[in-house]
Amino acid sequence: ERERERDTDAARAGWNSFNMADQICYSAKYYDETHEYRHVILPKSIAKHVKTDRLMSEQEWRGLGVQQSRGWVHYMIHRPEPHVLLFRRALNHNQ
């Protein structure tokens, strides 16, 4: 219920994540033996809509305007900077 209210408030305020997509910053990819990683930095106007109590589903982060190819997973919350979203995907995600 609270989440629905927040979404409704954002809509009333005229907030549209797709109008702000050009303000989202994407890092270069970095790797370990099993995954590729990247972080995404959101502007403050979008960051206030980020879930801070749990990881977001693909539908949720795409709803914020984050655009990435398939296979990326929001895997960690960076508490000191909740506007920085941390993503990873398996190196063999296409197999």
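Quick caveat: nothing in here was measured; it's all calculated off a predicted structure. Side chains included, hydrogens not; waters and symmetry mates left out as well; all remaining heavy atoms used.
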**Q** Name the residue from Val50, Ile41, Val40 that meets the side chain to side chain contact (heavy atoms under 4.5 Å, CB included) definition with Val84.
**A**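 Exactly one pass, corresponding to Ile41.
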
**Q** Which atoms form the tightest heavy-atom contact between Ile24 and Val66, and what is the distance?
**A** CD1-N, 4.0 Å

**Q** Measuring from atom CG of Asn92 to atom OG1 of Thr34, what distance do you get when rounded to the nearest 0.5 angstrom?
**A** 9.0 Å

**Q** Once rounded to the nearest 0.5 Å, what's the spacing between atom NE2 of His83 and atom SG of Cys25?
**A** 9.5 Å

**Q** Work out which heavy atom in His49 is nearest to a heavy atom in Leu64; give both atom names and the distance.
**A** CB-CD2, 3.7 Å

**Q** Look at the side chain of Arg38 and the backbone N and O of Trp72, then say whether any donor-acceptor pair between them is shorter than 3.5 Å.
**A** no

**Q** Answer whether the closest heavy-atom distance between the side chains of Leu85 and Leu42 falls below 4.5 Å.
**A**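 Leu85 reaches Leu42 side chain to side chain.
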
**Q** Report yes or no: does Arg88 contribute a side-chain atom to a donor-acceptor pair with the main-chain N or O of Tyr37 at less than 3.5 Å?
**A**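 No, because the side chain of Arg88 does not come within donor-acceptor range (under 3.5 Å) of the backbone of Tyr37.
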
**Q** Show, in sequence, the C-alpha distance, side-chain angles and deciding distance for Arg62 and Met56, and conclude whether the side-chain contact (heavy atoms from CB on, under 4.5 Å) test is met.
**A** CA-CA 10 Å; Arg62 286 195 187 277; Met56 289 187 286; over 6 Å; no

**Q** Just one of Gln68, Arg70, Lys29 clears the side chain to side chain contact (heavy atoms under 4.5 Å, CB included) bar with Arg89, so which one?
**A**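 Between Arg89 and the candidates, side chain to side chain contact (heavy atoms under 4.5 Å, CB included) is satisfied uniquely by Lys29.
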
**Q** Keeping the roles fixed (side chain from Glu81, backbone from His78), state whether a donor-acceptor pair exists under 3.5 Å.
**A**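 Not a single qualifying donor-acceptor pair exists.
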
**Q** Quick one: does His74's side chain have a donor or acceptor within less than 3.5 Å of a partner on Phe87's backbone?
**A** no

**Q** Between atom CG of Leu86 and atom CD1 of Ile77, what is the distance when rounded to the nearest 0.5 Å?
**A** 9.5 Å

**Q** Measuring only between side-chain heavy atoms, which start at C-beta, is Leu55 closer than 4.5 Å to Val73?
**A**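 No, every pair of side-chain atoms sits at 4.5 Å or beyond.
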
**Q** Could you tell me which residues satisfy side-chain hydrogen bond (donor to acceptor under 3.5 Å, both in side chains) with Tyr30, sequence neighbours excluded, listed by chain and number?
**A**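 Scan of Tyr30 (side-chain hydrogen bond (donor to acceptor under 3.5 Å, both in side chains), adjacent residues dropped) gives His39.
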
